[in-house]
Amino acid sequence: MLGRGDAGSLELVDLSGDGVESGRRPWPAADAAAVVTARPDTRWVWADSARAYRSILRAGSRVARAWDLRLCRRILRTAVDPAGRGPLGPADAWDDTAPSIEDEGLFVVGAQDEPSVDEAVAELRRQLRTVASAPDPTRLTLLLHGESAGALVAEEMHLAGLPWDAQVHERILTDTLGQRSPASGVPERMAELADHVRAALGDDTVNLDSPPKLLRALRRAGIQVASTSRWELADQPHPAIEPLLEYKRLARLLVANGWAWLQEWVRDGRFRPVYVPGGVVTGRWASSGGGALQIPRLLRPAVRPDRGWVIVDADVAQLEPRVLAGMSRDLRMAEAARGRDLYAGIVAAGAVSTREEAKYAVLGAMYGATTGQSGRLVPRLRRAYPVAMRLVDDAASAGEDGGTVQTWLGRAAPQPDAEWLDLASAAGAEGADPLVRDRARRAAGDRGRFTRNFIVQGTAAEWALCWLAELRARLDALGAVGAPRADRSGEVFATRPHLVFFLHDEVMVHAPREMADAVRAAVEAAAEAAGRRMFGSFPIDFPLDVRVIETDGVTPHDPPG
DNA sequence: TCTGCCGGCGCG
DNA sequence: AAAGCGCGCCGGCAGA
């Protein structure tokens with residue numbers, strides 16, 4: 001569990017202040033990295049990776065394995081008992097914000113028979129007991145290890161940064177938006193489009209960036225819409241619409257990822273977002289600052305490796321339906337998923353007639369669509385893949401009834417809140433107001449769609465964590481090559497391939513050019529290993545689309561046969 | 001002037 | 001072609 005020994009043989013290291021202490025024995029701060037390096041097989045335990053591991057990285061060292069008490073606690077509190085009672089319940093002394101843990105940056109190493117003098121050790125013991133009481137400790141442990149490995153990767157990627165070419169970014173901005181006016185700062189193309197829109201609306205002052213004002217101007221011009229959102233405007237036959245939609249597209253780029261973003265977020269050729277592992281309720285990562293998870297496709301060309309290096313960019317095709325096939329053990333869906341394109345497989349099986357239909361049917365099945373084309377196609381999918389569909393349908397009905405669901409590895413969806421329960425019981429009472437019944441039905445439907453999607457999105461996030469952890473270990477095994485680069489991404493990454501980006505089902509690895517093939521193989525092998533770890537021998541595969549980004553352009557790799 | 005909410009849209 | 005899940009971020013705006 002802890003790499004070496006068990007919860008009883010722990011050594012406590014205190015990184016507070018200038019001194020580093022091991023048990024009651026002080027370690028010089030400068031030796032912290034050496035302490036870590038000297039124990040390559042240890043699973044390090046600490047309250048918060050963003051504090052403890054960040055300082056270790058800055059000191060020039062890395063660790064192979066970790067146990068992040070804060071992240072693990074969040075999972076464990078509801079993994080065994082969804083109501084959050086029990087040894088890790090909210091009444092417990094140790095919580096996410098316990099200052100005695102976080103502020104001291106404690107960490108624990110596998111060592112010999114040190115007394116558990118610290119709360120972190122007590123917390124770790126509670127967590128290990130909780131894992132042991134789970135229905136499937138092996139799966140839950142895999143999740144906790146994966147979550148913690150993710151926290152390591154998040155810190156490493158933050159330090160290394162995503163190689164970002166500001167010149168390419170600026171060129172895309174001026175090509176798309178035009179030159180900025182020296183007087184107002186408004187890009188030329190946007191100003192022209194705004195003029196066209198105002199002329200077509202017969203209103204030369206309306207602020208296009210204010211939805212209420214724009215809506216009134218649209219109505220005055222005879223355009224009957226209830227909102228100014230794109231999907232509604234697109235249907236309207238009016239000369240103002242086309243330039244307006246284009247204006248909105250450009251305004252979005254300017255506001256979200258324009259010159260100001262570049263100025264604020266890109267330094268020394270690196271974009272350094274803060275990743276938040278487990279930040280999404282389903283277990284997906286969130287990000288904080290810089291919109292790391294929302295970089296528009298248009299700006300992807302700005303991702304460029306250093307000279308002599310490459311970026312290996314890999315993503316999984318149709319991760320969520322593959323995961324659904326695996327967790328439901330639906331052999332027919334797994335058969336459709338064999339090869340590169342699951343949607344084509346569904347067409348070949350005769351469930352629907354076109355790839356587009358297959359796509360909408362699958363998305364509808366996972367999101368709970370009830371209307372439209374997507375909603376109409378779902379029943380056909382249900383007939384063709386009853387095993388997989390039963391799993392998501394059951395998850396939906398559990399949610400509608402106020403129950404909860406869990407991912408494949410055991411992350412629990414939150415229970416309904418008090419408001420939801422009150423509404424449900426009010427609607428269930430004799431002679432309830434039809435309006436209340438209607439609201440309750442809608443709330444039940446919302447929750448059903450949430451729990452339906454939760455098990456799939458959450459399990460996909462678990463697969464991705466396994467992939468990330470496996471890949472990280474394989475990259476480390478490749479070792480270092482070549483001369484150190486002259487940049488500021490930190491000695492730790494100067495000569496070895498390292499992860500620089502992760503987005504739900506995609507990773508990027510920055511690597512010396514001569515290691516490109518080895519990295520590509522590592523990414524593929526990691527995906528294979530992640531599938532095995534999650535689903536054992538069940539025959540579901542996770543094919544990757546891999547491209548290698550060179551300094552002077554992209555070299556697409558042939559898809560494997 | 002500050003704070004929190006909302007519409008809208010980028011990503012998966 | 002369509003409105004079903006999960007996010008973060010921005011500007012506008014209403015209320016404090």
Side-chain angles (χ1 to χ4, degrees), chain A residues 206-216 225-235 244-245 247-258 260-261 264-265 273-300 315-321 323-324 354-378 381 392-393 395-396 399 405 407 411 413-414 442 445-461 463-464 501-507:
Chain A
V206 60
N207 178 5
L208 303 183
D209 301 321
S210 165
K213 288 173 180 164
L214 176 58
L215 184 61
R216 281 195 292 273
V225 285
S227 77
T228 64
S229 57
R230 198 183 43 197
W231 62 269
E232 191 171 2
L233 292 176
D235 295 336
L244 175 56
L245 293 179
Y247 174 87
K248 282 164 152 284
R249 193 177 73 86
L250 301 194
R252 168 73 191 188
L253 176 64
L254 175 69
V255 160
N257 297 99
W261 181 91
E264 185 178 353
W265 289 101
V274 174
Y275 295 95
V276 185
V280 177
V281 63
T282 57
R284 274 186 175 183
W285 288 16
S287 70
S288 153
L293 276 44
Q294 298 116 261
I295 301 293
R297 310 298 302 186
L298 181 71
L299 288 177
R300 280 307 192 90
D315 68 273
V316 198
Q318 305 132 1
L319 174 57
E320 292 191 351
V323 151
L324 173 57
T354 67
R355 190 178 181 282
E356 283 299 285
E357 283 187 347
K359 190 170 166 182
Y360 288 118
V362 166
L363 291 176
M366 293 187 308
Y367 293 162
T370 54
T371 61
Q373 191 197 346
S374 186
R376 280 196 298 278
L377 288 165
V378 172
L381 209 65
V392 283
D393 288 345
V405 294
T407 58
R411 190 188 306 260
R442 258 202 311 280
D446 289 348
R447 180 162 170 83
R449 284 188 299 278
F450 166 66
T451 50
R452 169 191 294 271
N453 185 247
F454 181 92
I455 60 167
V456 181
Q457 187 182 118
T459 303
W463 182 92
F501 191 67
F502 170 59
L503 179 56
H504 308 319
D505 62 358
E506 175 186 13
V507 297

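Here is how names work: the chains are called A, B, and so on, in the same order as the sequence lines, proteins then strands, and each is numbered from 1.
- Across all strands, T370(A) comes closer than 4.0 Å to no nucleic acid atom at all (heavy-atom distances).
- Residue H504(A) places its side chain closer to dG6(C) than to any other of dG6(C), dG4(C), dG8(B).
- Within 6.0 Å of atom NZ in K248(A), more than 12 heavy atoms from other residues, nucleotides or ligands are found, so the atom counts as buried in its surroundings.
- Along DNA chain C, the nucleotide closest to R230(A) and the one closest to Q457(A) are compared, and the more 5′ of them pairs with R230(A).
- For K359(A) and dG4(C), the NZ to C1' distance is 15 Å, given to the nearest whole Å.
- Closest to the side chain of Q373(A), out of dA2(C), dC11(B), dC9(B), is dA2(C).
- In the set dG8(B), dG6(C), dG4(C), the nucleotide with an atom closest to the side chain of N453(A) is dG6(C).
- Under 3.5 Å, the side chain of R284(A) and the base of dG12(B) form at least one donor-acceptor pair of N or O atoms.
- Contact annotation: side chain of R252(A) to base of dC9(B), donor-acceptor pair present below 3.5 Å.
- What separates CZ of F450(A) from P of dC5(C) is a distance of 11 Å, to the nearest Å.
- Listed candidates were dG12(B), dG8(B), dC9(C). Nearest to the side chain of P211(A) is dG8(B).
- Closest contact between the side chain of K248(A) and the listed nucleotides dG6(C), dG8(B), dG4(C) involves dG8(B).
- With rounding to the nearest 0.5 angstrom, the OG1 atom of T228(A) is 8.0 Å from the CG atom of L244(A).
- For Q294(A), whose side chain is taken as the heavy atoms from C-beta onward, the closest listed nucleotide among dC13(C), dG10(B), dC5(C) is dG10(B).
- Across all strands shown, dG10(B) pairs with dC7(C); the Watson-Crick or G-U wobble distances both stay below 3.5 Å.
- If you check every strand for non-hydrogen atoms under 4.0 Å, L319(A) touches nothing.
- Rounding to whole angstrom units, CZ of residue R447(A) and C1' of dC5(C) are separated by 14 Å.
- Proximity note for S210(A) (side chain, C-beta onward) versus dC13(C), dG8(C), dG8(B): the nearest is dC13(C).
- Residue-level contact check: G290(A) touches the backbone only, with heavy atoms under 4.0 Å from sugar-phosphate atoms and none from bases.
- Closest to the side chain of D209(A), from the set dG6(C), dC11(B), dG11(C), is dG11(C).
- Looking at heavy-atom distances under 4.0 Å, G289(A) makes contact with sugar-phosphate atoms alone, never a base.
- Using a 4.0 Å cut-off, no side-chain N or O of T228(A) falls inside it from OP1 or OP2 of dG7(B).
- A heavy-atom distance below 4.5 Å is not found between the side chains of R284(A) and L293(A).
- Between N207(A) and dG12(C) there is a side-chain N or O to OP1 or OP2 distance below 4.0 Å.
- Taking atom CG of residue L363(A) and atom P of nucleotide dA3(C), one finds them 12 Å apart after rounding to whole Å.
- With values rounded to the nearest 0.5 angstrom, F450(A) atom CZ is found 8.5 Å from Q457(A) atom CD.
- Distance check, rounded to the nearest 0.5 Å: CG of L254(A) to CG of D209(A) gives 9.0 Å.
- In this structure, E320(A) atom CD and dC7(C) atom C1' are separated by 13 Å, rounded to whole Å.
- Distances shorter than 4.0 Å separate none of the side-chain N or O atoms of S288(A) from OP1 or OP2 on dG8(C).
- Residue T371(A) places none of its side-chain N or O atoms closer than 4.0 Å to OP1 or OP2 of dA2(C).
- Atom C1' of nucleotide dG8(B) and atom CG of L253(A) are separated by 15 Å, given to the nearest angstrom.
- Across the protein-nucleic acid pair, F501(A) atom CZ and dG12(B) atom C1' stand 10 Å apart, rounded to whole Å.
- Counting only heavy atoms from C-beta on, A286(A) has its side chain closest to dC7(C) among dA3(C), dC7(C), dC5(C).
- Side-chain to base pairing of Y360(A) with dA2(C): no donor and acceptor N or O lie closer than 3.5 Å to each other.
- Comparing dG4(C), dG10(B), dC9(B) by their closest approach to the side chain of P296(A) singles out dG10(B).
- One can place CH2 of W261(A) at 17 Å from C1' of dC9(B), the figure rounded to the nearest angstrom.
- E357(A) places no side-chain N or O within donor-acceptor distance of the main-chain N or O of L377(A), the cut-off being under 3.5 Å.
- Between S287(A) and A292(A), the closest heavy-atom pair is OG-N, 3.6 Å.
- Within the nucleic acid shown, V456(A) has no heavy atom closer than 4.0 Å to any nucleic acid atom.
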